[in-house]
Q: 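First, the structure itself, so that you have it in front of you.
The first residue of the sequence shown is numbered 1, and numbering continues consecutively from there.
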Amino acid sequence: MDYQQSRAYVKDADRYAGGALDLTNIKELMKRLGNPQDQLKYVHVAGTNGKGSVIAYLYTTLSEAGYRVGRYISPSVYSYREKMEVAGSAVSREQFAGYVTRVAAAIKEMTTEGLAHPTPFEIETAVAFLFFAEEKCDLVILEVGMGGNLDATNIIRNTVLAVLVPISMDHQAFLGNTLSEIAEKKAGIIKPGCSVVTVGQQPETMAVIERVCRENGADLTEADLHEAKAVKEDFAGQTLEYRGENYELALAGSYQTENAALALEALEVLGRVGYPTTVEQRKKGLKDTKWNGRLTIIHREPLFIVDGAHNPAAADMLEDSVRKYFKGRKLFFIMGVFRDKDYPYIIRKLCPYAEQIITIETPDNPRALPAQELAEEVKKCNPHVQAADSIPAAVDKIFAMAGREDVILSFGSLSFIGEITTIVKTQEEKNS
């Protein structure tokens, strides 16, 4: 099949989602593909907020240090194929189509034998393992899709390092209703004898992580946030002091202090297990790291920023950045969310700061909350809200409202950041 056919094949598998959440399907699928994942070594990253940023820091730094590194993330922001890349290059259209063709043949065998059809995420994960194995990566950095113990990525055996970013309440319908229950599932990525790095956990979460590490003979390191301090910062970047060294970060947001400290601690541990980096390589890596969708500036006058804040912890972080960087400036929001998220909390945290709010429905997703329904919820704490029929209409409305010195902030989900960025950039080019 060609690239478009392969994309359609993956999308069509949506109808098989929602079945049993376990590793049976992915194990069977990978066995039929020769278990390419067993040829590789991994950094496995789980938790609630900060996974993408920490992965970006590690990927950039290790790549610049000369390692051939693969990266698997979800969701993608600007390009579908950016979900899987090696040494800075995303899987090509031809490669992706070829891998999906191989995966589809294995799935046909499975279904013919009466076995369940894998989900889109399981198919994508299988494709990623084939890609990374054929690219002969020295190390692969894997982001957990959801949870940990039963996530499709967790069929890996050769975990060099498990990284656990701060864990908070999210995906309760699948992961549990307490922090301890959620932590138990996310700590499921900890393999016997691997190294583990974490930061900023609540006491009940840390207790679970420590116990799981003891049970698996895993060495646990906690980044010391008392040693991490932003010595200079604004919405365009910051300078972090950590353990006596200064690191320039191109990423803004007070939460990046924590993310960068965790990444630095992870690099320190990786150095002890066969993947050394120098202080200078770490400084260059952190300075060069880019991660779209986290306080990302896409337009200057007015300042237009996109952020993927989609759960309570991310809303807390974004509110902190709003208060710190935009005090005294008029704020205009574009907001779109999934209905299975705690959007009332996000609204209560952020919407009181806005002069005007435009709600949108996140595109092409059955989980999307309709714009009008979201607007009705926003009205409970800010009456200055209106629903837009589309993302282009929302962008037109918000630009009509905001002055050159004001700030536009788009948030609520990562799923529409790519589209909103393209619309703004296209308008920018037309007006230049």
Q: Grab the two heavy atoms, one from Pro120 and one from Val10, that are nearest each other, plus how far apart they are.
A: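 It is CG-O, 3.5 Å.
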Q: Any donor-acceptor pair under 3.5 Å linking the side-chain atoms of Gln256 with those of Ser53?
A: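 Short answer, yes.
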Q: Taking atom types as modelled, find out whether Tyr345 and Asp316 have a side-chain donor-acceptor pair closer than 3.5 angstrom.
A: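 On atom types as modelled, these side chains qualify, holding a pair under 3.5 Å.
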Q: Taking the basic N atoms (NZ, or NE/NH1/NH2) and the acidic carboxylate oxygens, is any pair closer than 4.0 Å for Glu82 and Arg71?
A: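 The answer is no: the pair does not qualify as a salt bridge.
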Q: Quick one: are the ring centres of Phe304 and His299 less than 6.0 Å apart?
A: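 No.
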Q: Determine, for Lys185 against Glu181, whether the closest basic-nitrogen to carboxylate-oxygen distance falls under 4.0 angstrom.
A: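 So Lys185 does not pair with Glu181 through a salt bridge.
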Q: Could you measure the distance from the CG atom of Asn154 to the CG atom of Asn149? Nearest 0.5 Å is fine.
A: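 One gets 7.0 Å once the value is rounded to the nearest 0.5 Å.
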Q: Between Glu405 and Arg300, does any NZ, NE, NH1 or NH2 come within less than 4.0 Å of an OD or OE carboxylate oxygen?
A: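 No.
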Q: Establish, yes or no, whether the cationic atom of Arg7 lies under 6.0 Å from the six-membered ring centre of Tyr80 and within 45° of the ring axis.
A: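 Flagged: Arg7 positioned over aromatic ring of Tyr80.
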Q: Counting only heavy atoms not in Arg339, do more than 12 fall under 6.0 Å of its CZ?
A: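 Enclosed: over 12 neighbouring heavy atoms sit under 6.0 Å from CZ of Arg339.
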Q: Charged N to carboxylate O below 4.0 Å: is that the case for Lys108 and Glu113?
A: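 Between Glu113 and Lys108 there is no salt bridge, as every charged N stays at least 4.0 Å from the carboxylate O atoms.
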Q: Under 6.0 Å between the ring centres of Tyr72 and Phe129?
A: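 No, the ring of Tyr72 stays outside the 6.0 Å limit from the ring of Phe129, centre to centre.
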Q: Hey, do the aromatic rings of Phe333 and Tyr353 have their centres closer than 6.0 Å?
A: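 Phe333 vs Tyr353: aromatic centres not under 6.0 Å.
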Q: Please check if the distance between the ring centroids of His310 and Phe411 is under 6.0 Å.
A: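 Ring centres of Phe411 and His310 not closer than 6.0 Å.
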Q: Could you check whether Asn382 and His384, counting side-chain N and O atoms only, form a donor-acceptor pair closer than 3.5 Å?
A: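 No pair is found: no donor N or O on one side chain lies under 3.5 Å from an acceptor on the other.
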Q: So, are Asp406 and Arg329 salt-bridged, with charged N and O less than 4.0 Å apart?
A: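 No salt bridge links Asp406 with Arg329.
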